[in-house]
Protein chains: 2
Amino acid sequence: MSTSPTRALDHPEREEIRLEAVLHALSDPMRLQVVRFLAELGEGEGAACSAIELAISKSTTTHHFRVLREAGVISQVYQGTAKMNALRRGDLDALFPGLLESVLSADAAQRQRA
Amino acid sequence: MSTSPTRALDHPEREEIRLEAVLHALSDPMRLQVVRFLAELGEGEGAACSAIELAISKSTTTHHFRVLREAGVISQVYQGTAKMNALRRGDLDALFPGLLESVLSADAAQRQRA
DNA sequence: GTCCTAATACGATAAACATCGTAGTACGGC
DNA sequence: GCCGTACTACGATGTTTATCGTATTAGGAC
C-alpha cells in the first residue's frame, strides 16, 4: 500500500504565512540554531535533517523541523530517504522585508556577546 | 504594612535581554497589539494599561504586560494608581539593531494585506 | 476617615509545548 | 528478496501558557 508516490509535505502558501507563527517558530533556541545553520548555506541550498547536530533526540528534532515548516520558515522535500530543508528566504523577504535578516544578525550579535 | 514605598517592578537589565524571549513575547497577537500601540506613541512616552482596549479580561491583560516586561520589551513604572508602560526602544535597538522596526513593519504589512 | 479606580495576586483550568523512547515506514543498495 | 539508513508516528510526561473570576491592594479625591 503506497501512501504516496513522492510523499508530499504540507507547506503554507506564501500568503498564508503568519507573522506570529514565524516569530514563535524563531523563539526556540533549537529552532533558531537550525535557521542559523540553513542561513549559512548558499541561496536555495538545503540540508538533510541529519546534517545538523542538535543536542536533542531524533524525534524532538523532527518536531522542531515540523514547527518551522508549518510556520512557513523552511521548506522540506524528500530526496530519497533524506529530507532536504531550506530556508524560505524569498517568501519571508517578500512578506516581511528585513525581518529574517535582523533576526539573524540579532542572533549573531547576542551570540558574540556571550 | 507597606510592601514598598513606590512599588518597584523587576526589569531585566539591557544585557540580560534575550532574543528568544523577545521573539516569544512578540509572537502573541495580543502582545503584538500592545507593542504596536506603544510604538505609535512618541519616543519615550508611555500609556496606562487601561489605555489599550484588548478583547480579553483584566487579569489576562496584566499577564501579557508582565510577559512583555520580563522579556525586556517594555518598561513599567507606577504613577499614582496607574502603571505607565513604554517600549524599551533604546535598549532593543542597541542590542538588536533593526529588529523592532522590522517586526513592526512586518506587522503593518500583514495587517494591510488582511 | 470613605469611596472609586487601576491594577495585582491567587487559584483554577484547559490547551499547547518540548521532550523522550519505541515501533514503524520509505527508500536505496545489495 | 534482505538490510541499513533516514525520518516519522505514536503515546506518554512534565512544563509552560493563556485564560478566567474573585478577592485584594494602592493611590487619589472627597
Side-chain angles (χ1 to χ4, degrees), chain A residues 1-11 18 20-35 37-38 46-71 73-86, chain B residues 1-11 18 20-35 37-38 46-71 73-86:
Chain A
M1 187 81 53
S2 65
T3 44
S4 63
T6 316
R7 290 156 297 163
L9 293 160
D10 240 34
H11 294 74
R18 301 285 309 164
E20 299 88 334
V22 170
L23 294 176
H24 175 246
L26 297 176
S27 73
D28 179 278
M30 293 299 169
R31 293 194 291 259
L32 203 47
Q33 189 176 340
V34 170
V35 169
F37 180 91
L38 293 177
C49 294
S50 51
I52 307 164
E53 287 284 318
L54 293 177
I56 49 176
S57 80
K58 222 74 209 329
S59 35
T60 306
T61 302
T62 298
H63 160 71
H64 285 308
F65 272 100
R66 171 151 43 162
V67 172
L68 286 169
R69 171 170 50 83
E70 291 181 343
V73 177
I74 66 170
S75 63
Q76 302 189 291
V77 287
Y78 280 103
Q79 203 154 302
T81 122
K83 186 149 82 171
M84 299 306 282
N85 305 278
Chain B
M1 186 83 53
S2 65
T3 45
S4 62
T6 316
R7 292 156 296 162
L9 293 159
D10 238 35
H11 293 76
R18 300 284 311 163
E20 298 89 332
V22 171
L23 293 176
H24 175 245
L26 297 176
S27 73
D28 180 278
M30 294 298 170
R31 292 194 290 260
L32 203 47
Q33 189 177 340
V34 170
V35 170
F37 180 91
L38 293 178
C49 293
S50 52
I52 306 164
E53 287 283 321
L54 293 177
I56 49 176
S57 80
K58 222 73 208 328
S59 37
T60 306
T61 302
T62 299
H63 159 71
H64 285 308
F65 272 99
R66 170 151 43 161
V67 172
L68 286 169
R69 171 170 50 83
E70 291 182 343
V73 177
I74 66 171
S75 63
Q76 302 189 288
V77 287
Y78 281 102
Q79 202 154 305
T81 122
K83 185 150 82 172
M84 299 305 281
N85 304 278

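Just so it is clear, the model here is predicted, and its values are computed rather than measured. Per chain, numbering begins at 1; letters A, B, ... match sequence-line order.
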Is the backbone N or O of [Y] less than 3.5 Å from a side-chain atom of [X], with the two atoms forming a donor-acceptor pair by type?
X: B:Arg69; Y: B:Ser75; answer: no
X: B:Thr61; Y: B:Ser57; answer: yes
X: B:His11; Y: B:Leu9; answer: yes

From [atom1] of [X] over to [atom2] of [N], roughly how many Å is that when rounded to an integer?
X: A:Ile56; N: C:dG21; atom1: CD1; atom2: C1'; answer: 14 Å
X: A:Arg66; N: C:dT19; atom1: CZ; atom2: C1'; answer: 14 Å
X: A:His63; N: C:dT19; atom1: NE2; atom2: C1'; answer: 8 Å
X: B:Met30; N: D:dT17; atom1: CE; atom2: C1'; answer: 14 Å

Comparing nearest nucleotides in DNA chain C, the 5'-proximal residue of the pair B:Cys49, A:His24 is B:Cys49
Would you kindly compare B:Gln76 and A:Arg31 by the position of their nearest DNA chain C nucleotide and give the one closer to the 5′ end?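 It is B:Gln76, whose closest nucleotide lies nearer the 5' terminus.
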For [N] and [X] - does any side-chain N or O of the residue sit under 4.0 Å from the phosphate oxygens OP1/OP2?
X: A:Thr62; N: D:dA9; value: no
X: A:Ser59; N: C:dT19; value: no
X: A:Thr60; N: C:dA18; value: no

Are B:Glu20 and A:Asp28 side-chain neighbours, meaning at least one heavy-atom pair lies under 4.5 Å? no
N/O donor-acceptor pair, side chain B:Thr81 with base D:dG28, under 3.5 angstrom: no
